[in-house]
Every structure is written in C-alpha cells, then in structure tokens.
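By convention in this document, chain letters (A, B, ...) are assigned in the order of the sequence lines, proteins followed by strands, and residues within each chain are numbered from 1. Computed from a predicted structure; not experimentally measured.
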Protein chains: 2
Amino acid sequence: MSDLLARLRERGWRMTSQRRVVAEVLDGDHVHLTADEVHARAAQRLPEISRATVYNTLGELVSLGEVMEVSTDGRARRYDPNAHHPHQHLVCSGCGTIRDVHPTGSPLADLPAEERFGFTLSGVEVTYRGLCPACA
Amino acid sequence: MSDLLARLRERGWRMTSQRRVVAEVLDGDHVHLTADEVHARAAQRLPEISRATVYNTLGELVSLGEVMEVSTDGRARRYDPNAHHPHQHLVCSGCGTIRDVHPTGSPLADLPAEERFGFTLSGVEVTYRGLCPACA
DNA sequence: TTCTTGACTTGGATCCTGTCCATCGTAGGA
DNA sequence: TCCTACGATGGACAGGATCCAAGTCAAGAA
Ligand SMILES: [Mn+2]
Ligand SMILES: [Mn+2]
Ligand SMILES: [Zn+2]
Ligand SMILES: [Zn+2]
C-alpha cells in the first residue's frame, strides 16, 4: 500500500488526508468493497470525509488503473485493489461472498474471429456463480 | 413471438393488453433493452401503461425463464428475450452496443477444481469489452 | 517561513433505477 | 351476465451515484 501511495505521488497526485485514508482502506487482497463500505471504513479514521470525496477518489483510482471496478450484481459497484494481477470472480448466490479466481487459458482466446464482429477487444470479465460450502 | 404468447397462455398466464404489449416489444434477437426502454416502446402502443407493470411483467418473464436479465454495466439491467439459446455478450466501450456471442468451449470448464473453493457452480457470465468498428 | 492559487473537499440537491403499496379495474370462469 | 381473484396503476419510497457552488488547503514560489 505504501507502494500505492508512492506511485500516486509520483504521478503527481496531490496528497490529501482523505485520499490517503481511502487508499489505506483499499489495502490488501480479496478486498471487494462498495463505495459506501469504503466510506464507512474511511470515516472511522477521518470522520468528516464526505461520500462525494470517496466517489471522486475511487473514480480516479479506477482511471489510473490502480483499482478495478466490479459489478457482480445489479446493485452497488465494488472496488478491487487487486488490479495489477488479472483475475476473475466467483460469487456465492446465497451470501454474496466474492472470491478471486484464475481460470485456465486466456478467456479472450475463447472468442473466435468470426464472433468478434470487427471489434477491437480490450478485455473480458467472467463471473462464476454458485453456492459456497456454507450456503450449499 | 406468437410462440411466446402461446407458451405463456399455456402456462396459465392471464393475458392483458399490457402484458401482450411488453411481450411484443421484446420480440426478436439481439434485443437488450432496459426496463425504461421497454416502457417507452410499450407506451407507444399503449400510452397508459405504467412503469410498475413493465417491471412486474419483466420480472415474471425472467422467473418463467422466457427472458434473461443482463447487467453489463453498473447501470440499468437489460432484458434479453434470447433466453433459450445460451450465449455471452460483447459490449462496445464507446457506444454501448451489445452483440450476442458464442465462445468456443464451455466457460465453466475453464475453472479448475482447486480454484472452486468448494463452491457448487451453477453458471457463468462472460462479458467481452472492446470498440466496435464505428467507434474504433 | 509565508504567500498564492488551482486543485480538492463538502453537503445538499438531483438524477436514475428499482421496489412497494393501497386502490381500482378487468380477464375469464361460473 | 355476473363475480372475484388476479393484474394494473401511480405515487411514495429507497439506494446508488452524480453534480454543483462554495469553502478549504497542499505544495510550489518567493
Ligand atoms: Mn477481485
Ligand atoms: Mn443477448
Ligand atoms: Zn454463501
Ligand atoms: Zn461503438
């Protein structure tokens, strides 16, 4: 995470206490928090932080490629700091638990040329659905 | 589509002008409309139809398995009448165009046992991203 | 160290998507 | 034709996200 802060500073990011706290909340792997969850955790350290700032900061981290946006349900988007290690997600239909998974092969390669309709492919998102051991 | 109406009647669906119009709007392939888009088109034929009825009807068609719910962005869910032919989606990051695509192989098989964490898998959704010829 | 300024933050308004509910209307069987 | 249970209505409500004008402050300049 200090890595992240250093990288951001290098990119000319103006460092504020709000941005620092948001970045700290997003530390670690297997983190898939909604904006409101990020806000709640950030507010424990910095009670005055506003939801607007959390949304702004998350949006910037996403466009910088430091955080991935994940929408596994039709509900709130989730923010995933594990953006430098490509992966997909396995979601429990019962409790909503999300796990990072790594399918074999390149999912992109599964789309034959005649099914690409002239598109320039840039990525692919795979969401596996199922029941976790606790919910099954 | 007359197929769909016949199938629904067979299942004991009470036929109303509202339900008929919604079903007609969802006719065809490569249809991926939001609830509000369905409502707008339905209202051209039946101006008094309410949003609540459109949502109710779409929800029923989904639970009957006649329509697929698709959420390719974190925004509005889309409703896809092509529910009897399993497929995935290719989305243009520029204009939002959605195409049905058919990857080779079974996407489920790409998740090795040691990456399943004891889950009972029930399905998988794949969204390919890229730029369509017009946007590239 | 102090000054300056443009970038950042804030809270509240606003929008969009979707759900809920009490009431009214009607499809379709008796 | 009549009944009534099921469906439709519209307006309230809630959650997620964006927008905005006004206030604040990080960090480079002097
Ligand atoms: Mn992840
Ligand atoms: Mn489709
Ligand atoms: Zn579970
Ligand atoms: Zn396009």
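The distance from atom CG of Leu46(A) to atom P of dG11(C) is 11 Å, rounded to the nearest whole Å. Between the CE atom of Met15(A) and the C1' atom of dT9(C) there is a distance of 15 Å, given to the nearest Å. Across the protein-nucleic acid pair, Leu33(A) atom CG and dG16(D) atom P stand 14 Å apart, rounded to whole Å. The separation between His39(A) atom NE2 and dG15(D) atom C1' is 15 Å, rounded to whole Å. Remark: P of dT19(C) and CG of Leu58(B) are 10 Å apart, rounded to the nearest angstrom. In this structure, Glu48(B) atom CD and dC24(C) atom C1' are separated by 15 Å, rounded to whole Å. Rounded to whole Å, atom P of dG10(D) lies 10 Å from atom CD1 of Ile49(B). Rounded to whole Å, atom C1' of dC8(C) lies 14 Å from atom CZ of Arg20(A).
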Nucleotide N/O to protein N/O under 3.5 Å, stretch nucleotides 18-25 of chain D:
from: dC25(D); atom 1: O2; to: Arg14(A); atom 2: NH2; distance (Å): 2.9

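Closest to the side chain of Ala76(B), from the set dG11(C), dA8(D), dT17(C), is dT17(C).
For residues 62-88 of chain A, the pairs satisfying salt bridge (Lys or Arg N to Asp or Glu O under 4.0 Å) are Arg7(A)-Glu66(A), Arg11(A)-Glu66(A), Glu37(A)-Arg78(A), Glu69(A)-Arg77(A), with sequence neighbours left out.
Residues Thr127(B) and Val70(B) are not in side-chain contact: their nearest non-hydrogen atoms beyond the backbone lie 4.5 Å or more apart. Within the 4.5 Å cutoff, side-chain heavy atoms of Val124(A) are placed close to those of Tyr128(B).
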side-chain contact (heavy atoms from CB on, under 4.5 Å) for Leu61(B) and Trp13(B)? Distances and angles first, verdict last.
CA-CA 10 Å; Leu61(B) 291 173; Trp13(B) 232 44; 4.1 Å; yes
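Heavy atoms of Thr16(A) sit under 4.0 angstrom from primed sugar atoms or phosphate atoms, though from no base atom.
His85(A) NE2: 12 or fewer foreign heavy atoms inside a 6.0 Å radius. Counting non-hydrogen atoms of neighbouring residues, nucleotides and ligands closer than 6.0 angstrom, the CZ atom of Arg41(A) reaches no more than 12 such neighbours.
Heavy-atom nearest nucleotides on DNA chain C were determined for Ser17(B) and for Arg78(B), and the one closer to the 5' end corresponds to Arg78(B). Each of Arg9(A) and Thr57(B) has a nearest nucleotide on DNA chain D; the 5'-most of these lies closest to Thr57(B).
Side-chain atoms of Arg19(B) come within 3.5 Å of backbone atoms of Arg14(B) as a donor-acceptor pair (strictly under, hydrogens ignored).
In this model, the phosphate group of dT10(C) is approached by a side-chain N or O of Thr53(A) to a distance below 4.0 Å at OP1 or OP2. Checking the phosphate oxygens (OP1, OP2) of dT9(D), a side-chain nitrogen or oxygen of Gln18(B) falls inside 4.0 Å.
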